[in-house]
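Worksheet for the structure shown next.
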Protein chains: 2
Amino acid sequence: MKNRTIESAWRGAERCKNCAIRHLVLFADLTHDDFDRIHHPIDDIEFKPGSRVYLQGDEMPFVYTVRSGLIKLVQHLPNGDRRIVRILSQGDLAGLENLDGQPASHEAVTMDHVRVCRIPRSIIASLKRDTPRLHDALLQRWQKALSGADNWITRLSTGNARSRVARLLLLLDENSEDDSFFLPTREDMGAMLGITTESASKMTAGFRRNGLLKPLEDHRAWIDERELKKQFD
Amino acid sequence: MKNRTIESAWRGAERCKNCAIRHLVLFADLTHDDFDRIHHPIDDIEFKPGSRVYLQGDEMPFVYTVRSGLIKLVQHLPNGDRRIVRILSQGDLAGLENLDGQPASHEAVTMDHVRVCRIPRSIIASLKRDTPRLHDALLQRWQKALSGADNWITRLSTGNARSRVARLLLLLDENSEDDSFFLPTREDMGAMLGITTESASKMTAGFRRNGLLKPLEDHRAWIDERELKKQFD
DNA sequence: GCGCCGCATTGAAAATTTTCAATCGCGGTC
DNA sequence: GACCGCGATTGAAAATTTTCAATGCGGCGC
């Protein structure tokens with residue numbers, strides 16, 4: 001029972017050069033010469049919703065560039081509590097935290113249908129030696145991850161349950177290209193906000209009754225951004 | 001009414017080479033040649049407790065290596081709420097998040113008597129171009145900051161107030177060289193944990209009554225680490 | 001020594017959140 | 001079409017947290 005499929009693999013990085021989202025990914029600024037230095041296969045992988053990309057404690061021979069879909073990073077506490085600490089979306093790098101060879105500090109689980117490029121860590125390591133362009137791209141990723149984490153603390157873990165849900169909806173909405181956005185399960189919303197599933201449900205349902213949130217087909221939703229921002233922020 | 005004093009300044013980085021905590025700081029792995037590339041003054045600065053090192057929104061021409069003491073990074077929400085997102089201690093770099101030239105995303109405030117080295121950003125920029133050793137040191141800083149942020153979310157912003165306070169005490173204790181550790185004001189504890197000052201006070205006072213926490217002179221305290229860990233973790 | 005100020009503590013009522021259990025709704029199966 | 005199962009929703013009671021106000025406690029200046 002596999003919940004992932006390998007769509008394609010190839011030696012080197014021929015197709016990276018022509019990747020449709022190359023401007024968003026780690027390799028955005030590499031030159032053709034740089035690509036020629038890549039001598040290990042990069043796989044294009046699809047995951048079904050709810051698949052585990054890696055587990056907390058795993059050795060991490062790969063990093064993963066998110067091509068589409070959303071991945072949650074979950075951290076488990078010894079007492080069994082768990083908390084979602086970040087959401088990765090297009091262009092983000094799963095496994096960034098473990099580029100130094102440390103075992104994974106999170107569990108990574110897909111929230112919807114996800115496509116990633118699986119990149120051997122050795123590629124990053126060797127490119128890092130030779131090209132400063134990759135350095136900068138990595139630094140940007142660290143920066144984004146850290147400011148994301150800070151926002152998670154100040155916006156999603158502060159204030160009462162209603163504000164937290166509101167700010168989560170606004171965040172999901174901002175990060176979406178689309179007019180609509182992916183609305184997580186109430187359980188996931190709770191794990192992001194540090195509240196119970198039921199509380200997440202009550203607040204969400206409240207917003208729906210107020211007309212501030214409209215669920216759409218396929219786990220997606222729309223919010224009255226202006227009004228939500230006015231009431232919370 | 002200055003709440004900081006400049007202890008010493010010097011051109012270049014002569015004294016960096018002999019810095020007592022050099023093994024802990026950003027410049028740990030630089031060679032003598034590297035130091036000779038530093039052509040801007042690095043100041044050694046002291047701050048009184050409660051001094052603002054920089055404000056949210058400030059331009060950041062400097063970064064600051066913490067030599068001793070503790071600095072809190074505070075983020076303000078539009079609605080006036082505020083949250084402490086990180087504590088910096090010896091060897092940490094304040095302003096790391098703004099090395100790219102972005103204005104400060106936090107306010108940095110000293111919690112006790114603090115000594116820092118103020119390093120012009122231009123030095124980092126020029127060294128970064130020339131020495132991979134600095135690169136690695138910076139990456140380590142990013143890594144530490146991010147895993148710190150993740151812990152902040154999972155350990156300090158999850159569970160009931162009692163657990164949060166317990167885990168904060170354990171964290172403060174771990175990070176201290178000493179057998180004792182710096183116990184923040186209840187207001188700061190609240191801002192770290194996302195609870196009110198009064199709740200922080202009630203939990204803290206409770207631990208004191210149980211003998212799990214003993215306040216010492218000068219804002220320091222001791223905890224029964226084993227017992228606290230057993231009950232929480 | 002006295003008074004003051006800032007912080008910590010405490011108590012009681014109000015508000016919020018969790019808990020626990022029941023029900024609903026919907027998509028898929030048989 | 002009936003049935004199942006999973007997630008969402010809802011309600012009511014219990015537990016926790018906040019709020020608001022009062023009091024305690026040290027240190028500091030005068």
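Heavy atoms only: backbone and side chains are in, while hydrogens, waters and symmetry mates are out. Sequence lines set the chain letters: A, B, ... in the order given, protein chains first and strands last, and positions in each chain run from 1.
At least one side-chain nitrogen or oxygen of B:Arg208 sits closer than 4.0 Å to the OP1 or OP2 atom of C:dT9. Taking side-chain N and O atoms only, A:Arg186 has a distance below 4.0 Å to OP1 or OP2 of D:dA8. For the OP1/OP2 pair of C:dT17 and a distance below 4.0 Å, the side-chain nitrogens and oxygens of A:Arg164 include no atom meeting the criterion.
Among pairs with a residue in residues 185-204 of chain B, those fulfilling side chain to side chain donor-acceptor pair (under 3.5 Å) read B:Lys72-B:Asp188, B:Thr196-B:Ser199, at least two apart in sequence or across chains.
Per the geometry, CD belonging to A:Glu217 stands 15 Å off C1' belonging to C:dC26, to the nearest Å. Going from atom NE2 of B:His219 over to atom C1' of D:dG26 covers 10 Å, rounded to whole Å. What separates CE of B:Met111 from P of C:dC7 is a distance of 13 Å, to the nearest Å. The distance from atom CZ of A:Phe207 to atom P of D:dT10 is 14 Å, rounded to the nearest whole Å. For B:Arg162 and D:dA15, the CZ to P distance is 14 Å, given to the nearest whole Å.
For B:Thr185, the listed nucleotide lying nearest its side chain is C:dC7; candidates were C:dC7, C:dT17, D:dT17.
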Which donor-acceptor pairs under 3.5 Å do the side chains of residues 153-174 of chain A make with protein atoms, sequence neighbours left out?
from, atom 1, to, atom 2, distance (Å)
A:Thr154, OG1, A:Asp150, O, 2.8
A:Thr154, OG1, B:Gln75, OE1, 2.7
A:Arg155, NH2, A:Asp233, O, 3.3
A:Ser157, OG, A:Arg83, NH2, 2.9
A:Ser157, OG, A:Trp152, O, 3.1
A:Thr158, OG1, A:Ile153, O, 3.0
A:Thr158, OG1, A:Thr154, O, 3.2
A:Thr158, OG1, B:Arg83, NH1, 3.0
A:Asn160, OD1, A:Arg162, N, 3.3
A:Asn160, OD1, A:Ser163, N, 2.9
A:Asn160, OD1, A:Ser163, OG, 2.8
A:Arg164, NE, A:Gly159, O, 2.8
A:Arg164, NH1, A:Leu193, O, 2.6
A:Arg164, NH2, A:Ser157, O, 3.4
A:Arg164, NH2, A:Gly159, O, 3.3
A:Arg167, NE, A:Arg155, O, 2.6
A:Arg167, NH2, A:Arg155, O, 3.4
A:Arg167, NH2, A:Thr158, O, 2.3

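Between B:Tyr64 and B:Tyr54, the ring planes are parallel. Angles under 30° get that label, and only those over 60° would be called perpendicular. Note: A:Phe182 and A:His219 have parallel aromatic rings, judged against thresholds of 30 and 60 degrees for the angle between ring planes.
For the pair B:Asp218 (side chain) and B:Arg220 (backbone), a donor-acceptor distance under 3.5 Å is absent.
Within residues 187-206 of chain A, the residues that place at least one heavy atom under 4.0 Å from DNA chain D are, in residue-number order, A:Glu198, A:Ser201, A:Lys202, A:Ala205.
Annotation: side chain of B:Glu97 is in contact with side chain of B:Arg86 (closest heavy-atom distance under 4.5 Å).
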